[in-house]
Amino acid sequence: MTIDSLYQTFGNIFYRFGAIVLFILVWQLACSTGLAPETFVASPMVIIKTLYQYALDGSLYKNTIISLSRAFYGFILAVVVAVPLGFMLGGWFKSFERIIGPLLTFLGQFNPFALFSVFLLLFGIGEFSKVAMIFWVSIWPLLYNASLGVKTVDPGLIKLARSMGMGRIKLLTKIVIPSSASFLFSGLRLAAGTAFFMLIPAEMMGASRGLGWLIINAQVNYQIPKLYTGTLVIVVLGIVIDYFFRFLEKKVVIWKEAQNL
Amino acid sequence: MWLAKTIFVKYSVLVFLLLLWELSGVFNWVDQAFFPSLSTTVETIVSMWSKVHLFMHLMVSLCRVLVSLIISLILAIPFAFLFARVLPTFFSRIEALLRVFSIINPYCLFPLFVVFFGSGEIAKISVLTWVSMWPIFFSTLAGIKNVDPLLVKTAKSMDAGPITIFFKVVLPGALPSIFNGIRIGVEMSFFILIAAEMTGATAGLGWIVHSASALNQVTMVYGAGLLIVVLGVFLNRSLNFLRSGLFFWKEERDPIAGITGPLVGAKRISNTTLAIMAAVFVAVLSIGLYEIYRAEVMLNDPTVIPEYRVWTE
């Protein structure tokens, strides 16, 4: 890399992210000059200090791991159930899909919070009610995208493969899965995003550990630096999860042309 | 006949499930204490009408969504037009920052807003505004960008001024996209509203669910939950109805499949229907504002309605 291109890259980065850096600087300045009252706003420096302190005593790590594992279990359960089901609905039981499709979209529109209290009633206040909630919210995008992916496979390709004597399993692994992969990945990304998104209010309402609990507890006890730190961790994790799935899609689905979304 | 058949196919499974729910109560398949039947739930909703001032809570919830929608429209649309048409370079510099703002999990902002504004209406309205603002803003931007440049050029060649171009070409071209943003914004804010009402509120549907579960009123949890679900679906359906009526000329485009085609059965919405919908909007807004005020009074005045106090405590 020449100096010139290096310079250009940095210029590009600054052009795109300069506003973020500026925002943080203004925030810090407003706090240190006393323009933003300390009782309401924690400065970036204080947030970093608090982050360091909680990272040292392990409480942040513990709560993050608990939150992530809840989101992970619910998400994995949803993947295991929804992807095969979506494939079957989109591929083999088309008439059944016509009947059940409207119901699935209807269920997907349910407000999950109306259900959360019901989940609490049915499953108790333990881990299972939270995992069930995550499962519920992440199953719909997966199901929708999996069945849509199978439905949009080019029928010509299937006929061609059939005429060359391809078996069912090979058809699935060589034709159906690769050509519906980009749908699957966007379903995965949406579902993982929603799972982490909905986990926070679920933890706010009925949990005694986890990131959602951490910030609601900080608010109740009026620990402003802790509140900001918890929020920052949640925001960063949300962004990381989103980018992880985008990255994965780019690396795995290399044959797909860019879609104009 | 064809229509009846489609409707039958569409709703048969739903009706079957509802029937199953009802029969589970009749034949006592599941414990009624934890899973009340459909008829019990509906009965509870009816009894809640007088018992817990259901109408007030309903109007309070709806009004919060509508007020935040109005505020976010006022904030998002002018800024989107400003950034897209007047200050595109400036916008490309701050776009990353705005995108980061828009993907912040709104639930973790709620405690922050409570710290800033207290636990009153302002905190709830501002978190809802925050949530519905970003989809409206970004879809307005996309709508303006996707206006066919050829149309703008044609208008220019016919000697149309910038104001005429804006009102006759750009705005109508961007409207379907703007409306799509409004739809997403309303849905999101209704989602978040229930959570916000569950964590810190003294009125509203989410509050009913929360306090009913705290007081172990199982049927009431189901009743309020059913009402929230029905209301959410109703909001969604009426927005879709309005969209297909207003933009009947627009080709439908699935955001994921990218399949284009004209909207099926889309017809121009009649002026009477539009007027009725606008009247309902204004009525809900004004009744809701009054009910928010009434809820506040009831909460602070111990003499007004005793059972309301009992229910809150």
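Letters go in sequence order (proteins before strands), and every chain restarts at 1.
At a 4.5 Å heavy-atom cutoff, the contact between Val100(B) and chain A is made by side-chain atoms alone. For Leu226(B), no part lies near chain A; criterion is any non-hydrogen pair under 4.5 Å. Looking at Phe116(A), there are no atoms closer than 4.5 Å to chain B (heavy atoms on both sides), in backbone or side chain. Interface remark: Leu107(A) contributes no atoms to any contact with chain B (heavy atom separation under 4.5 Å). Interface remark: Phe197(A) contributes backbone and side-chain atoms alike to the contact with chain B (heavy atom separation under 4.5 Å). For Leu227(A), the part sitting under 4.5 Å from any heavy atom of chain B is the side chain, from C-beta outward, and nothing else. Only the side chain of Ile103(B) has a heavy atom closer than 4.5 Å to any heavy atom of chain A.
What you find for Met204(A) and Cys108(B) is that their closest heavy atoms are CE-CA, 4.2 Å.
The most heavy-atom pairs under 4.5 Å with chain B, out of Ile224(A), Val118(A), Val21(A), come from Val118(A). Here Pro201(A) is the residue among Gly149(A), Gly238(A), Pro201(A), Gly212(A) with the most heavy-atom pairs under 4.5 Å with chain B. If you tally non-hydrogen atom pairs under 4.5 Å between each of Val220(A), Ile216(A), Leu122(A) and chain B, the highest count goes to Leu122(A). Of the listed residues Ile228(B), Leu109(B), Val115(B), the one with more heavy-atom pairs under 4.5 angstrom with chain A than any other is Val115(B).
Residues Tyr243(A) and Phe247(A) place their aromatic rings such that the two centres sit no closer than 6.0 Å. Taking the six-membered ring for Trp, Phe23(A) and Phe101(B) have ring centres closer than 6.0 Å.
A side-chain N or O of Glu203(A) and one of Ser67(A) form a donor-acceptor pair less than 3.5 Å apart. In this structure, a donor-acceptor pair under 3.5 Å is present between the side chains of Arg183(B) and Asn180(B). Residues Glu22(B) and Ser39(B) bring a donor and an acceptor atom of their side chains to less than 3.5 Å of each other.
Checked options Tyr107(B), Phe190(B), Trp207(B); the residue passing with Phe113(A) is Tyr107(B) (criterion: ring pair (Phe, Tyr, Trp, His ring centres under 6.0 Å)).
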task: Would you sort out whether Phe91(B) and Leu141(B) count as a side-chain contact (heavy atoms from CB on, under 4.5 Å), showing the intermediate values?
output: CA-CA 11 Å; Phe91(B) 176 68; Leu141(B) 265 178; 3.2 Å; yes

